[in-house]
Amino acid sequence: MTGTGVGRSSDWATRIVGLDLELPLLDGRLARYINLDNAATTPPLREVLDAVLRFLPYYSSVHRGAGMKSRVSTAAYDEAHHTIARFVGANTHTNTVIFGKNTTEAINKLSYRYPLPEDAIVLSTLMEHHSNDLPWRRRARVVRATATSDGRLDEDDLDRLLETHRGRVALVTVSGASNVTGFVQPIHRLARKAHAHGARILVDAAQLAAHRPIDVKPDDDPEHLDFVVLSAHKMYAPFGTGALVGAKDVFQDSAPEYRGGGTVDVVTPDEVHWAGLPDREEAGSPNAVGAIAMAAAARVLMDTGVATMQSHEASLVAYALERLRSVSGIRIYGESHPSGLSDRVGVIPFNLDGVPHALVAAILGYEGGIGVRNGCFCAQPYVAHLLGVSSREAARLARQSLMGDRSARPGMVRISLAAYNTVEDLDALVEMLIRITEGRYHGAYRQVPESGDYVPDTPITVLRPPPCHPEAAAVLPS
Ligand SMILES: Cc1ncc(COP(=O)(O)O)c(C=O)c1O
């Protein structure tokens with residue numbers, strides 16, 4: 001495949017804010033910033049920014065004012081709930097959309113409210129982000145289906161666990177797509193299995209929403225997704241919002257964990273009657289701008305067709321895997337063959353033989369202007385599994401880390417792609433990786449033991465401050 005085989009998806013170049021931003025490299029040159037870290041957060045869509053700017057003149061208190069601006073703000077905020085319901089195909093008679101900060105908060109909320117009897121089991125997988133694991137540990141015994149050596153869900157193990165704990169599994173919780181390997185889970189098949197065992201299913205769709213259409217299906221469909229959680233900042237909409245979409249009964253049957261303004265209907269000194277949904281679950285003044293931004297992003301994703309973006313991304317992944325093969329000493333984790341594309345999103349984790357992951361990431365950033373992430377990506381057990389770190393070694397490294405020396409922490413480098421990335425971005429990555437493996441990088445780097453990060457020895461003042469982009473000039477601190 002040639003570099004011209006996969007262009008930029010439709011008109012994305014003009015739709016992403018900051019795509020042509022130039023930032024300084026270690027040698028002082030300015031270079032276009034190449035963002036290959038979309039699994040962490042995506043840059044804003046122009047349509048999202050436009051929607052926010054259109055809304056701001058009307059911005060006022062939501063559900064708390066009689067003035068016309070308050071009415072407009074309230075209507076826009078309420079409507080955003082409906083847009084998110086539509087985005088995942090949820091029936092709003094039986095399901096609610098609750099806005100919060102992000103996926104992590106949404107899962108925590110559900111973990112407080114989901115009915116879990118004393119001996120209940122939450123069935124999860126080894127592949128989860130910490131945000132879909134730690135909240136459940138507090139409330140139930142968590143058992144995890146393991147992963148195969150290449151990092152796919154071991155569905156036989158999940159079936160076995162459902163049988164072993166028959167009658168006690170209250171919830172199955174899985175990520176829609178892995179933030180480490182990009183593997184997409186068979187969520188509807190897993191829903192069918194969960195329901196057959198009397199459990200409900202939660203899908204952590206943080207990595208799915210901007211890459212695959214989501215359809216929770218009708219409530220009485222055996223493949224229905226009972227709960228879905230999303231982060232707007234991974235859907236091209238910053239401004240700090242996430243959503244929990246799911247069965248109303250769970251929230252109606254118990255009192256909200258956060259209480260206060262907005263959550264109530266009637267209050268006397270001795271009595272409280274909670275408001276209806278979703279108000280009772282959105283304590284305090286809501287983040288109206290965040291909700292409007294998230295709804296705008298959802299509309300773009302629905303209109304553009306996530307499927308179109310999916311096909312562009314699949315071409316990029318195939319191209320990346322093909323090109324990465326030319327880097328000697330590279331070890332790609334998960335699926336590394338370009339043909340295995342149907343069950344993955346554009347996340348590729350790798351290591352370079354003999355070069356620490358943190359050093360690779362630092363050189364890519366300082367000398368290539370390429371943003372990636374390294375480490376364990378908030379999924380330490382899964383990354384340890386993929387790396388083949390023994391439990392004894394993991395314990396030793398954990399002790400070292402807890403003593404404040406994180407220099408030997410295991411990890412990987414991760415690139416994660418989005419609809420606006422191009423083959424040129426990937427060519428630049430591969431060229432830099434070849435330079436690294438051949439020792440043709442310029443900086444002298446030293447590791448900071450406390451963080452495990454590498455920083456250039458050259459005084460940091462070599463870096464010029466970012467140039468003021470005309471759009472940013474008005475808002476960036478000088
Ligand atoms: C699969 C997955 N779940 C949950 C999260 C947490 O998302 P947030 O930080 O937006 O709460 C992430 C973040 O990377 C993720 O990738």
Side-chain angles (χ1 to χ4, degrees), residues 35-44 84 88 98-112 122 124-137 142 144-145 147 151-153 171-187 190 201-212 214 225 227-246 287 290-291 293-294 297-298 333-334 343-349 371-383 385-386 411-418:
N35 185 31
L36 298 180
D37 195 13
N38 296 285
T41 204
T42 44
I84 299 306
V88 299
I98 300 165
F99 284 128
K101 275 204 309 246
N102 47 37
T103 296
T104 305
E105 192 175 82
I107 298 176
N108 271 281
K109 170 174 269 299
L110 190 63
S111 79
Y112 280 114
V122 169
S124 187
T125 84
L126 179 68
M127 303 167 70
E128 302 311 306
H129 190 281
H130 298 158
S131 292
N132 192 24
D133 183 314
L134 304 183
W136 301 111
R137 293 188 194 187
V142 179
R144 301 170 190 86
R152 285 191 163 82
L153 172 66
L171 184 76
V172 173
T173 181
V174 293
S175 52
S178 162
N179 65 315
V180 178
T181 48
F183 284 135
V184 173
Q185 305 294 22
I187 45 178
L190 299 181
I201 188 165
L202 159 66
V203 174
D204 165 0
Q207 295 297 340
L208 202 61
H211 304 271
R212 293 283 191 280
I214 300 174
L225 308 178
F227 304 96
V228 171
V229 286
L230 312 158
S231 279
H233 74 96
K234 295 182 195 293
M235 299 166 52
Y236 307 96
F239 303 105
T241 289
L244 163 58
V245 186
N287 176 1
M294 186 174 195
Y333 302 92
D343 66 345
R344 74 179 301 165
V345 296
V347 176
I348 305 175
V372 298
R373 184 165 170 200
N374 72 285
C376 289
F377 324 117
C378 300
Q380 292 182 23
Y382 184 36
V383 169
H385 171 83
L386 290 164
M412 306 164 171
V413 181
R414 175 186 78 182
I415 62 163
S416 49
L417 309 172

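One-based numbering, in listed order, for ligands and for the atoms of each. The first residue in the sequence is number 1, and the count goes up from there. As the structure is a computational prediction, the values presented were derived from the model and not from experiment.
- Close contacts between ligand 1 and Asn102 involve ligand atoms 8 (P), 10 (O), 11 (O) [criterion: under 4.0 Å to a heavy atom].
- By the 3.5 Å distance cut-off applied to N or O atoms, Ser175 is not counted among the residues near ligand 1.
- Closest to atom 15 (C) of ligand 1 among all protein heavy atoms lies His129 CD2, 3.2 Å.
- For ligand 1, none of its N or O atoms has an N or O atom of Ser131 under 3.5 Å away.
- Val383 has its side chain within reach of Phe377: a pair of non-hydrogen atoms, C-beta onward, lies under 4.5 Å apart.
- The protein non-hydrogen atom at the shortest distance from atom 13 (C) of ligand 1 is Lys234 NZ, 2.9 Å.
- Of all heavy-atom pairs spanning Arg212 and Val345, the tightest one is NH1-CG1, 3.9 Å.
- The heavy atom nearest to atom 1 (C) of ligand 1, out of those in Asn108, Asp204, Val347, is found in Asp204.
- Residues Ile107 and Asp204 meet the side-chain proximity criterion, which asks for heavy atoms closer than 4.5 Å.
- The shortest side-chain heavy-atom distance between Tyr382 and Thr181 falls under the 4.5 Å cut-off.
- In this structure, the side chains of Asn374 and Met412 stay at 4.5 Å or more apart for every pair of heavy atoms.
- The shortest distance between side-chain heavy atoms of Val347 and Arg414 falls below 4.5 Å.
- Among Ala205, Ala206, Ser231, Ala39, the residue whose heavy atom lies closest to atom 10 (O) of ligand 1 is Ser231.
- Checking only distances, Thr104 does come within under 3.5 Å of ligand 1, N or O to N or O.
- For the ligand labelled ligand 1, residue Glu105 lies outside the 4.0 Å heavy-atom shell.
- You'll find the side chain of Ile214 stays beyond 4.5 Å of the side chain of Val203, heavy atoms only.
- Taking CD of Gln207 as the reference point, atom CD of Gln185 lies at 12.5 Å (rounded to 0.5 Å).
- Near His233, meaning under 4.0 Å from one of its heavy atoms, ligand 1 places the atoms 8 (P), 10 (O).
- Near Asn179, the atoms of ligand 1 lying under 4.0 angstrom from a non-hydrogen atom of the residue are 16 (O).
- With respect to atom 16 (O) of ligand 1, the closest heavy atom belonging to the protein is Gln207 NE2, 2.6 Å.
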